[in-house]
Amino acid sequence: MQHYAEWIAVDWGTSNLRVWMMGADGRPFAADRSDKGMAGLTQDGFEHALLSLIDPYLNPDHVTPVICAGMVGAREGWREAAYVATPCAPPDARAAVAVQAHDPRIAVHILPGVKQMAAPDVMRGEETQIAGVLHSQPEFDGILCLPGTHTKWVHISAGEIVSFQTCMTGEIFALLASQSVLRHSVTTEEWDEDSFIDGVTQAMDSPQSFASRLFGLRAGGLLQGTSAGSARARLSGLLVGLELAGTRPYWLGRHVAILGADSVAAHYRSALAAQGVQAETLDNAGLTLAGLTSAYRSLKGALV
């Protein structure tokens with residue numbers, strides 16, 4: 001017998017599309033993904049990309065709700081879902097934008113992102129992970145750090161996103177490591193933790209010397225035989241140190257939780273530990289789905 005979905009959860013990023021087919025028990029019974037991210041689709045390609053993954057699970061005699069989060073709601077996405085302004089709870093399906101799909105079997109809802117007017121900042125996708133955290137820890141009060149290409153520092157209080165700050169640390173690291181003269185010095189995936197912490201400390205103590213310390217990585221390899229692993233870790237440390245210096249009002253004296261179980265999250269934790277902050281680590285696996293589930297429940301409640 002065909003197993004039809006009660007509803008479908010969708011995480012639609014710039015590069016990838018992930019879907020979960022949800023059962024009546026609130027659990028996913030199937031999942032799929034593709035490389036049909038927002039950046040590779042034209043306006044009329046979104047519905048086809050979605051149906052290519054979910055079609056077998058749609059009940060022909062029932063309209064299936066589809067809850068989408070991520071870049072699918074960007075201006076260049078399927079349909080723009082305008083940002084909700086802080087302070088705000090992570091937006092749920094009551095704030096979602098409905099998309100008129102051609103296929104009558106689906107009712108598509110796109111969750112909005114979050115904006116901050118002063119200082120100007122935006123997030124789209126991370127708010128759903130935050131909703132996942134608050135779903136399991138509704139009393140959380142403190143700072144969430146979401147490491148990545150564009151790391152987010154988010155102040156959470158009373159179930160709301162109070163303020164946040166985005167740092168392009170990951171993107172800057174990738175650019176320097178692949179397109180600058182430093183590409184000759186960091187040609188490895190090896191890691192030297194002492195060099196990383198030294199870089200963090202140097203950047204925080206004397207951020208005005210950042211540019212010259214960057215070239216020092218190249219000179220150290222040429223003149224002192226500094227290993228690529230040490231140079232790579234120090235480059236990361238210099239960048240993370242600058243970030244910590246700029247986000248000090250967020251983490252100093254606060255309860256900090258880092259979302260992620262990978263090496264990047266571990267580096268942030270060790271950098272904060274060197275500043276006397278013992279950050280909690282939350283595994284981000286399942287947080288997006290938990291946030292989407294919370295949004296679906298709000299939609300279901302609104303329809304009752």
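Hydrogens, waters and symmetry mates play no part in the numbers below; they use all other heavy atoms, side chains included.
Residues R234 and D198 have side chains in contact (heavy-atom distance under 4.5 Å, counting atoms from C-beta outward). Using a 4.5 Å heavy-atom threshold, the side chains of I54 and M21 count as touching. Taking 4.5 Å as the limit, some side-chain heavy atom of P91 sits within range of a side-chain heavy atom of V114. Between M22 and L289 the shortest side-chain heavy-atom distance falls below 4.5 Å.
E190 and S227 are not linked by any side-chain donor-acceptor pair at a separation below 3.5 angstrom, with hydrogens and angles left out of the test. Residues E243 and T169 bring a donor and an acceptor atom of their side chains to less than 3.5 Å of each other. Under 3.5 Å, the side chains of Y268 and T151 contain a donor-acceptor pair of N or O atoms.
Aromatic pair H155/Y250: ring centres not closer than 6.0 Å. Aromatic pair F140/H255: centroids less than 6.0 angstrom apart. Under the 6.0 Å cut-off for aromatic ring centres, W12 and F46 qualify, their centroids lying closer than that. A ring-centre distance under 6.0 Å is found for F196 and W191.
Using a 4.5 Å cut-off between side-chain heavy atoms of Ile, Leu, Val, Met, Phe, Trp and Tyr, with links allowed through other members, L238 and M204 fall into different hydrophobic clusters. Put simply, M123 and I143 are part of two different groups of oily side chains (I, L, V, M, F, W, Y) that touch within less than 4.5 Å, one to the next. Hydrophobic clustering, with ILVMFWY side chains joined whenever heavy atoms are under 4.5 angstrom apart, keeps L111 apart from V122. Both I106 and L41 are part of a single hydrophobic cluster, where members link through side-chain heavy atoms under 4.5 Å apart. Taking hydrophobic clusters as Ile, Leu, Val, Met, Phe, Trp and Tyr residues chained together by side-chain heavy-atom distances below 4.5 Å, V256 does not share a cluster with I130.
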Check the pair T247, C167 against side chain to side chain contact (heavy atoms under 4.5 Å, CB included), reporting the backbone distance first and the verdict last. CA-CA 9 Å; T247 57; C167 301; 3.7 Å; yes
Using the rule given for salt bridge (Lys or Arg N to Asp or Glu O under 4.0 Å), can you reason through E189 versus R232, listing the C-alpha separation, both sets of side-chain angles and the distance that settles it, and then say yes or no? CA-CA 8 Å; E189 293 300 320; R232 185 177 184 84; 3.7 Å; yes
Report the C-alpha separation of S270 and E193 in whole Å, then their side-chain angles, then the decisive distance to 0.1 Å, and conclude whether the side-chain hydrogen bond (donor to acceptor under 3.5 Å, both in side chains) test is met. CA-CA 9 Å; S270 65; E193 185 67 14; 2.9 Å; yes
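Residue pairs meeting the side-chain hydrogen bond (donor to acceptor under 3.5 Å, both in side chains) criterion with at least one partner in residues 74-88, sequence neighbours excluded, do not occur; the list is empty.
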